[in-house]
Amino acid sequence: MKKMRVAIAGLTACSGCQLALLNCEDELPELFEKFAFHFFPMACSPALLEGEYDAALVEGCLSMPHEKELLLELRKRSVHLIALGTCAVWGGVAALRNGEDREWLRQQVYGHNPVASETFEPLPLHRVVKVDAAVTGCPPEKEELLRLLAGLTRGALPVGIDYPVCTECRMRENLCLLTERDMFCLGLLTLGGCGARCPSLGVPCEGCRGPVPEANLAEALEIYSEKGFGRITVLDRLRRFCPEWKL
Amino acid sequence: MSNGSKIDILTRVEGHGSVELVRDGGRVVDACLHLSESPRLFEALLVGRRFDEIPDIACRICSICSTVHKVSALQAVEKALAVNISRQTGLLRELAVQGGQIESHALHIFCLALPDYLGVNGIQGLVAHEPEKLRMGLKIKKLGNLIQETIGGRAIHPFNLLVGGVGKVPGADQLLHLKDQLEELRDEVTASIAYVSGLNDILPPLSMHPACAVSGGPPLFGNRLVTSTETIAVNSAAAWLDEQVEAHTYAKVSRFGGKIPFLVGPLARLTLAMPAAYAHYFTDTSIRSAMKARVIELHLAVERAQVLVDLLLNDGLKREQPVVAIVAQGEGTSVMEAPRGVLLHSYRFDDRGVCCAADIITPTSINQGAIAVSLKELIVVMDGAEYEQIRTVAEMLVRCYDPCISCAVH
Amino acid sequence: MAPQYIASHNLAALLDRLRRYGELHGPVRGDDEVVRFAAIAPGTLPDLSALRTLLPPKKYLLHPQETILNYTAAAGYQMPAEEVRPLILFGVHPCDLAGINYLDRVFLGDAPDPLYAARRSALTLIGISCTPDEFCSCHISPSPLNALTDLSLQSLADGYAISSGSPRGDELLEGVKEILEERDIAVPEDTRRFFGQVAAEPLRQELDATLPDWQTLADACLGCGACSICCPTCYCFDVLEFGGLDGRSAVRLRQWDNCLLKCHAEVAGGMSFQKNRAERFRYRYRHKFRGFGPLQGIPSCVGCGRCRVVCPAGLDLRPLAERLDEGRHEQ
Amino acid sequence: MNNNVPFPAVVSAIRPLTVETSLITLDTDPHHPVAASFLPGQFLELSLPGVGEFPVSYCGFPSVDGSIELCIRHVGHVTTPLQTAAPGDGVGVRGPFGHGFPLSAYSGLDLLLIAGGLGMAPLRSLLLALLKQRGLCGRLTLLYGARETGALLFLDELLEMQKRGVIELQLTVDRPGYCLNGPPDCRVAMLPDLMDQLDVDPGRTCAAICGPPVVYPLLVSGLRLLGLTDNRIHLSLERRMKCGVGRCGHCAVGTRLCCADGPVFSLAELAGTEGAIV
Ligand SMILES: Cc1cc2nc3c(=O)[nH]c(=O)nc-3n(C[C@H](O)[C@H](O)[C@H](O)COP(=O)(O)OP(=O)(O)OC[C@H]3O[C@@H](n4cnc5c(N)ncnc54)[C@H](O)[C@@H]3O)c2cc1C
Ligand code: SF4
Ligand code: SF4
Ligand code: SF4
């Protein structure tokens, strides 16, 4: 069978989504047999953007002009463009202080030296190109990546998830950290799919997969405030991974 | 051939960078390193966040080094708030960091760098030509991830490591499983020392850079920096590293005495404290020996991990609640060894425990000066060689430093 | 047969003997204080003081997520060869027993679900009496569901009255008879009395869409699904299929689903038959208190109180149900 | 017959009908009820291995050779990859499921079929069945509307039937589209508008409807205006389905299940059922 041509690119990010793929140690040899990764700078040389791709998997948000160019180029060349990970889907940690003066933030790091002055407020991919599918998570689950790739070979894109972390947390019969322990768990508002990784170890969900559809923020804020977490605290926390949470 | 320069994207490294080869007629006359990673401005992002959020955010600087970033940040925060962790927490963290070391080194050696030595173009080339070596490397890499996951809850961005302790203490059964796995792979790791040091080196020996490493604690941990001549206490480390913003790079630059670039990482660690048993592997300690240093460290990490697992099992695992931090004004700095070298996290908190200043110094930003110097030297040494050949060797040289550009430009 | 008696101090001996008939599970309190149905470790006693486990026993019959089919290019779709081992559930309360009875009606109907049927027939149920708390509503309205058991225990001051409800129960009793005593005991009226009773009058089918309650409930609902996950009779499931990387194999999973989720009634193209949470709440209500298809008219709320306990917003459908049921006469 | 496990079938032909619709012919065991004994209006569950399963109406007539015709719109997770299926590809089928159109109730009566868009698929099956037993009922009228002329399904077949005089056909499109040789006498109007000029004898007419949910309220009131009684109006409903056998809990219409009690219901059955016709 003809190998699928796949591009894997990273924009403003920590490479964690790409690493999550490279962490599929058991499947990696098979992946490289099934797919032709024609553009995958992190793992393959050389890195040339050439021809067309059956799919482009893009990690990271956009914060530099050259990234926009790369993204548009990938969009042009690819049948499917897939946002990989929370940064690409929602903005992620880099977008933590969106809404504040970017130049001021830049100066906090680089002072008055104009280094990196072309940087702009980090954007998720969908703000610039059409995104055909998204795999969220900081980082995404390995299983999701493998399912995504296996689906692509059949022409199928992943089925979206519409339930919050709590759903899976309850299915795992965990102690509820929020209602039983008054801990600051964001599972109520966060998209599931991670198997409630954190609360299953007694660590509150930090919201790394972004907002669940139809999140009931108003009611959640009531519940959090009963537990002693004010609105500002909650919103600040939510914006750790998605700047677009609004009251 | 025209004058001018050509920029090639660096591949098989973490993050985004490139090497520019400047040509004059047919000759390559200069080589420059560009770290073109997009800055996320972490030091600015962290300001305004509560102390317990700092490690969770800071670990997102880099995925490969996320465990060590997390532990560094935790140490700095705990120092600032005078939190004393239990011995068990310390051992668990140390084990997680060794897991990160194993994963990172195995990834570099067996997936990213090995293709250079075998003349293939990446993992796809290994799959086709050396599937067995790749599989072995992946097994070791997987073990590193298993360790990180067992302690941290996840191989990347471990969430189970908290200020003052851990979320859920792993069970004895999980540690026994690690013990078995470590035992099972020990011989393979030992064998890979011979394999890797037997690989044909294409790189010429280049001048050595002064080395710097963390010292004063268990392997990879400590409370001071050392060089062959100096000892720098943790509280003066940031000042001594003296990061400067320079126009040509997004990563800040550190130089010895403001002038001389220096080296951190596996080779620096081993040259400063060479275990006698391994000395014979090093005919020269120029950067081309970094692969050997890394594989030896892989071995050391597996051994240390075994010790740690045994210590934990002998102590008996206890359910412990994280030590509660008392919010107060304070400042704390941590130095430790990431897989690629010296890593410093330093934070200041106001009386509400909110971060008001953050400073993070990473190994690749320290090494970038050394890389640049090595590149220039390489051009001189290889003068007259074909452009393509220089290009290949130059990229290989950069890879010897195993740059982690996401860390460097954070 | 007259009820037999087992002294409290003989409980451990009873459990040990029961182990001979299969894996023994019951309510067990974890390190985190959560009480779950789980294996009762030899030498330990189940926690019989807890009124409810977090998940009901349905988790044994319908796993939260499970493979229902495997596919290979050579053999096509096939059911997984699951080895079903005998399982004894000890200490099941009447509401959960009635819950199993409801699930039986759904999954063992005309064309029984093979996985469910296999697990069900390997399941031995040992019930125990209990005293309702403020969250329970089993004692409020009659339910046609049956709380059937193989064996049932009735708590007494210093022991239990034990009686059989099935041939399997007879066999178990026979097997443990050396630790039983024949005693003349007055069994207190047990809390099962509202199960197995047909309501005098049929329920009104229609729900008034204009009731403000739907919106009130919807406004507070977080859509977390805790209520239905923890419900002994909620069984909606989603079906997912994942292909293997090899291109020739696949697994099909079914996973607990929930009518309060956005996708529940969504069809291709994004059109939904339950567009908003208020409509979905009505759907949930209709399913819980009116029943679908062959079970139309059989309320499936068994009154265990779990949904109220676990809802982070403290929502409760019971008062609404009571009000709407009062309207049955107006039909 | 175990209806939990998809029975193997093979794609024997796939013919594009419009940009997003294909007629797929499957080949399977001629003795399996999924191919041999179904009624128009019933459906089956079609599996594309490694991708998923979805409900689809029978579009043809029970065959003796084990072939099954399905008209599929490629819109979602499973149906999209199916567009590139090729003859020889293996799929799975479960069925037949649900209740179809009540053929026996039509005996001796005139039948008015109303199809909107993809709703033509099950109604084609019904048409083919009625044409097989020509004596069964009286006049056969088909009102059929689509988005644009290019989206009218089975047009050649329908025009052919019209020419043979076996059906009375009225076509409409929401907008004319770009098809230069549009069908003759095709109106540009909404589907319910076709009922304006109908001449039916309400005392001896039954209606069978299948179309997008949005048109149902207007169609129903139109038919009632024409004088049809609710027990003579049958409509096929669509709901999300995951199992096809009344268990997954997704397809309830009121307290009835679309998969097991439907998908074809008489309007009388649905009387007072909130949300049935939306
Ligand atoms: C009784 C019946 C007969 C049908 N007949 C046909 C037909 O002849 N031709 C045709 O093209 N389509 C028909 N449909 C619609 C068809 O089932 C959906 O278009 C199909 O499920 C879309 O699947 P998908 O996975 O590609 O879409 P997605 O939108 O990805 O759907 C995901 C899942 O949702 C469910 N789902 C989505 N849409 C529907 C829907 N409309 N009805 C039921 N479940 C849905 C399915 O379980 C599907 O697997 C019929 C639906 C029903 C209920
Ligand atoms: S612990 Fe968190 S994720 Fe789990 S149920 Fe409670 S709020 Fe939801
Ligand atoms: S529980 Fe929350 S923070 Fe943890 S992995 Fe899941 S979404 Fe991310
Ligand atoms: S548990 Fe409460 S908040 Fe969650 S879905 Fe049920 S009613 Fe809504």
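Every value quoted in this text rests on a predicted model; they were computed, and no experiment measured them. Numbers restart at 1 for each chain; the letters A, B, ... are given by sequence-line order, proteins then strands. Both backbone and side-chain heavy atoms feed into the values below; hydrogens, waters and symmetry mates do not.
Considering CG of C:Leu54 and SG of A:Cys176, their distance stands at 9.0 Å, rounded to 0.5 Å. Rounded to the nearest 0.5 angstrom, A:Leu178 CG and C:Cys224 SG are separated by 10.0 Å.
Contact annotation for C:Leu245: both backbone and side-chain heavy atoms come within less than 4.5 Å of a heavy atom of chain A. Interface residue A:Leu146: backbone and side-chain heavy atoms are both found under 4.5 Å from chain C. With a threshold of 4.5 angstrom between heavy atoms, C:Ala218 approaches chain A through N, CA, C or O but not through any side-chain atom. Contacts of C:Val35 with chain A are made by backbone atoms alone, with heavy-atom separations under 4.5 Å and no side-chain atom involved.
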Write out all chain C-chain A donor-acceptor pairs shorter than 3.5 Å, or none if the list is empty.
residue: C:Asp32; atom: O; partner: A:Arg181; partner atom: NH2; Å: 3.3
residue: C:Arg36; atom: NE; partner: A:Glu173; partner atom: O; Å: 2.8
residue: C:Arg36; atom: NH2; partner: A:Glu173; partner atom: O; Å: 3.0
residue: C:Leu55; atom: N; partner: A:Glu173; partner atom: OE2; Å: 2.9
residue: C:Lys59; atom: NZ; partner: A:Glu173; partner atom: OE1; Å: 2.7
residue: C:Asp219; atom: O; partner: A:Asn216; partner atom: ND2; Å: 2.8
residue: C:Cys221; atom: O; partner: A:Asn216; partner atom: ND2; Å: 2.6
residue: C:Cys224; atom: O; partner: A:Thr167; partner atom: OG1; Å: 2.7
residue: C:Gly244; atom: O; partner: A:Arg154; partner atom: NH1; Å: 2.9
residue: C:Gly244; atom: O; partner: A:Arg154; partner atom: NH2; Å: 3.2
residue: C:Ser249; atom: O; partner: A:Arg154; partner atom: NH2; Å: 3.1
residue: C:Gln255; atom: NE2; partner: A:Tyr163; partner atom: OH; Å: 3.4
residue: C:Lys262; atom: N; partner: A:Asp162; partner atom: OD2; Å: 3.2
residue: C:Cys263; atom: N; partner: A:Asp162; partner atom: OD2; Å: 2.5
residue: C:Arg277; atom: NH2; partner: A:Glu214; partner atom: O; Å: 3.2
residue: C:Arg280; atom: NH1; partner: A:Glu214; partner atom: OE1; Å: 3.0
residue: C:Arg280; atom: NH2; partner: A:Glu214; partner atom: OE1; Å: 3.0
residue: C:Arg280; atom: NH2; partner: A:Glu214; partner atom: OE2; Å: 3.1
residue: C:Val310; atom: O; partner: A:Arg170; partner atom: NH2; Å: 2.9

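Scanning all heavy atoms of the two residues, the minimum distance from A:Ala150 to C:Gly243 falls at CB-O, 3.3 Å.
Every side-chain contact (heavy atoms from CB on, under 4.5 Å) that A:Val128 has, sequence neighbours left out, goes to A:Leu62, A:Lys68, A:Leu71, A:Leu72, A:Leu123. With sequence neighbours excluded, the residues satisfying side-chain contact (heavy atoms from CB on, under 4.5 Å) with A:Ala134 are A:Ala83, A:Val89. Partners of A:Phe32 by ring-ring contact (aromatic ring centres under 6.0 Å, His included), not counting sequence neighbours, listed by chain and number: A:Phe37.
Note: A:Pro164 leads A:Gly160, A:Pro164, A:Ala218, A:Gly151 in heavy-atom pairs under 4.5 Å with chain C.
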